[in-house]
Amino acid sequence: ELVKTIDDPDLLTKIGHKYTLLGDIDRSIDIFLGFDNVNGAIESCISMNEWKKALTISEKYPKYDKKHLLTRFATYLVNHSHVSLALHYLVANNLYAEASKIIANEGNIAFSQRNYVFAKKCFCFAALNEMKANINPVQLWHRCEAIHFLLMANNAIFKKKWGESIELASRLFSDYSDVIGKETTAAILAIIGINSNFYKQASLAFIHLENSKKLSKRKKEKFEKMAIKIFAKVSPVDPSDCKSFNCPKCNRKMIYPQVKCRCGYVTQPSVVSGNSVDVKTAWKCSTCLHFASNEEISNYTLCPLCHSKV
C-alpha cells in the first residue's frame, strides 16, 4: 500500500529491483507495471529466468518488441541445450530467419564432427526457413548440396558405380571443394577417374594432392609415386568420345565431365545423380526448387535433397 503512494519513477525502479534481488518476482512485476515500466518488469523476469512470465507480459503490451525478447529467449535455450524448444518458439512466431541461424550453427557443429547426414538435414531445414523469411539461402543450399553430393559419391565408390559417377566427382572437385575440402574431393575424383578410365580427371586430382599445402610431405610423396606408377601405363587423357558444348555465359568450349567454366558458370546439377540437367525440361521440386531429369525422378516418391513429396 505504501508503494502506491509513491510517484517517483526512480524510487519505484529501485524498489522494483530490490524485490527482484529478494526473489519476489511477482511483487517486482506489480511495481514496474504500476508505473508502466514494461521493460523493467520484463528485465526483472529475465534476471530470474522467468522467461514465460516475461513473454506473457510482452503479449499484453503490443508496443514492446516481442521479437527481440523471443530471440533472447531462444539464445538462452540454445545455451542451455534446449535447441528444439528454441526452434519451436521461433518458428511458432514466424521468426524464420532467427531459426535458420540456430539450425545452421547446429549444422556447422555436426559437419565438424563428420556427422554428415545430420549436417545436411540442418542446412536443408535452415535454407527452407530462410526461404520462408523471403531470403535467398544461396550459401545454405550450397553447403546442403555439397554434403548431399559427398554422400552420393561415397555411395558410388562403395557400390563401384564408376562411369556414371565421374560427372558427380568432377562437380565435387570443381564446385564444392570450398565446403568439403580440396583434398577430399581430389581423392574422390582420383578414385572414380582411374576406375572409369577418365585419366585426365584423375591426373588433375593427383596434381592437386601432390602440391597440397595441407598434406604432409610423406603423404604427398606417396601420391606422387602412385601417380607415376599409374601414368607410366596409361596416358592422362579422358575418353575421346566425350561430348562437348559451349558455355552459355562466355561461349567457351566445355568438355564432359566438366561442369564449371573458367568464367564461373556452373551447370545445373540433378539432385538424383549430380549430372547436369536442362532446367527448361527437367523436373523441379516445389519445395527446395532443385532439379532432376524426369527419367531419374520417376523412381522416387520424395525429393532426394529435401525429402518433400514429388
Rounded to the nearest 0.5 Å, what separation is found between the CD atom of E221 and the NZ atom of K219? 13.5 Å
Quick one, R143 and K120 - any side-chain contact, counting heavy atoms below 4.5 Å? no
Cluster companions of F291 among Ile, Leu, Val, Met, Phe, Trp, Tyr (side-chain spacing under 4.5 Å): V277, V279
Is it the case that over 12 heavy atoms from other parts of the model lie below 6.0 angstrom from the CD atom of Q268? yes
Mind checking salt bridge (Lys or Arg N to Asp or Glu O under 4.0 Å) for K53 and listing every partner two or more places apart, or none if nothing turns up? D26
Closest approach of L168 to S273 (non-hydrogen atoms, all atoms of both residues): CB-O, 3.7 Å
ILVMFWY cluster, I191 and F231 together (side-chain gap under 4.5 Å): no
Closest non-hydrogen atom pair between K229 and K233, with its separation: O-CG, 3.8 Å
Pairwise side-chain contact, T301 with V310, heavy-atom cut-off 4.5 Å (strictly under): no
Judged by atom type as modelled, is there a donor-acceptor pair below 3.5 Å linking the side chain of N105 to the main-chain atoms of K101? no
Name all residues meeting the side chain to side chain donor-acceptor pair (under 3.5 Å) criterion together with T20; count only those two or more places apart in sequence or in a different chain, and write none if there are none. S28, S44
H290 side chain vs C288 backbone, donor-acceptor pair below 3.5 Å: yes
Once rounded to the nearest 0.5 Å, what's the spacing between atom CD1 of I29 and atom CG of N37? 12.0 Å
ring-ring contact (aromatic ring centres under 6.0 Å, His included) partners of H148, counting only residues at least two apart: none
Treating Ile, Leu, Val, Met, Phe, Trp and Tyr as nodes and any side-chain heavy-atom pair under 4.5 angstrom as an edge, say whether L70 and I57 lie in one connected cluster. yes
In the structure I gave you, are the side-chain heavy atoms of L172 and L189 within less than 4.5 Å of one another anywhere? no
Main-chain N/O of G40 paired to E43 side chain as donor or acceptor, under 3.5 Å: no
Under a 4.5 Å cut-off applied to non-hydrogen side-chain atoms, are Y19 and I31 in contact? yes
Say you draw a straight line from CG of D65 to CZ of R72; how long is it, rounded to the nearest 0.5 Å? 10.5 Å
Can you name the nearest heavy-atom pair linking G274 to R171, along with the distance? O-NE, 2.7 Å
Between S308 and C285, is any pair of side-chain heavy atoms under 4.5 Å apart? yes
Is the positively charged end of K253 above the ring of F245, judged by distance under 6.0 angstrom from the centroid and angle within 45° of the axis? no
Over all atoms of both residues, closest heavy-atom pair of F123 and A104: CE2-O, 3.6 Å
Count I, L, V, M, F, W, Y as connected when their side-chain heavy atoms are under 4.5 Å apart, and connections chain through other members. Are L87 and L95 then in the same cluster? yes
Taking ring-ring contact (aromatic ring centres under 6.0 Å, His included) as the definition, give me every residue that meets it alongside H142, ordered by chain and number, with sequence neighbours left out. Y176
Within the distance-only criterion (no hydrogens, no angle test), does the side chain of K182 pair as donor or acceptor with the backbone N or O of F173 below 3.5 angstrom? yes
Y96 atom OH: more than 12 heavy-atom contacts under 6.0 Å: yes
Using salt bridge (Lys or Arg N to Asp or Glu O under 4.0 Å) as the criterion, list what pairs up with D238, not counting sequence neighbours. none
Taking the side chain as C-beta and beyond, is there a heavy-atom pair between F206 and E224 under 4.5 Å? no
Verify the cluster assignment for I46 and L77: are they in a single hydrophobic cluster under the rule of side-chain heavy atoms below 4.5 Å apart? yes
Does the side-chain contact (heavy atoms from CB on, under 4.5 Å) test come out yes or no for L305 and W141, once each step is laid out? CA-CA 10 Å; L305 186 68; W141 279 131; 3.9 Å; yes
When you look at H208 and F223, which way does the ring-ring contact (aromatic ring centres under 6.0 Å, His included) test go after all the steps? CA-CA 10 Å; H208 176 80; F223 282 123; 10.0 Å; no
What is the distance from atom CG of L204 to atom NZ of K200, rounded to the nearest 0.5 Å? 6.5 Å
Treat each ILVMFWY residue as a node, draw an edge where side-chain heavy atoms are under 4.5 Å apart, and state whether I188 and I166 are in one component. yes
Point-to-point distance, once rounded to the nearest 0.5 Å, from SG of C247 to CE of M254: 6.0 Å
For H82 and V78: C-alpha separation, side-chain torsions, deciding distance, then whether side-chain contact (heavy atoms from CB on, under 4.5 Å) applies. CA-CA 5 Å; H82 297 295; V78 170; over 6 Å; no
Verdict with supporting geometry, I192 and K161, side-chain contact (heavy atoms from CB on, under 4.5 Å): CA-CA 8 Å; I192 294 179; K161 295 181 178 180; over 6 Å; no
Less than 4.5 Å apart, side chain to side chain, heavy atoms only: is that true for N136 and E130? no
Does the plane of the ring in Y76 sit parallel, tilted or perpendicular to the ring in F73? Use 30° and 60° as the thresholds. parallel
Under the 3.5 angstrom rule, does the side chain of K220 hit a backbone N or O of S212 as a donor-acceptor pair? yes
Distance col, row L55:CG vs L69:CG, nearest 0.5 angstrom, shows 5.0 Å
Give a yes or no answer on whether the side chain of S203 reaches the backbone of Y199 with a donor-acceptor pair at less than 3.5 Å. no
Could you report the tightest heavy-atom contact between I102 and V83, atom names first, then the distance? CG2-CG1, 3.9 Å
side-chain contact (heavy atoms from CB on, under 4.5 Å), that's the test. Do Y256 and E167 meet it? Break it down for me. CA-CA 7 Å; Y256 181 86; E167 190 174 352; 3.2 Å; yes
With no hydrogens and no angle check, is any side-chain donor or acceptor of S270 less than 3.5 Å from a backbone partner on V272? yes
Are side-chain heavy atoms of F198 and S170 found at a separation under 4.5 Å? no
Measure across F111 and V179 and return the closest heavy-atom pair with its distance rounded to 0.1 Å. CZ-O, 3.4 Å
Donor-acceptor pair, distance only, cut-off 3.5 Å: does the side chain of S298 make one with the backbone of E295? yes
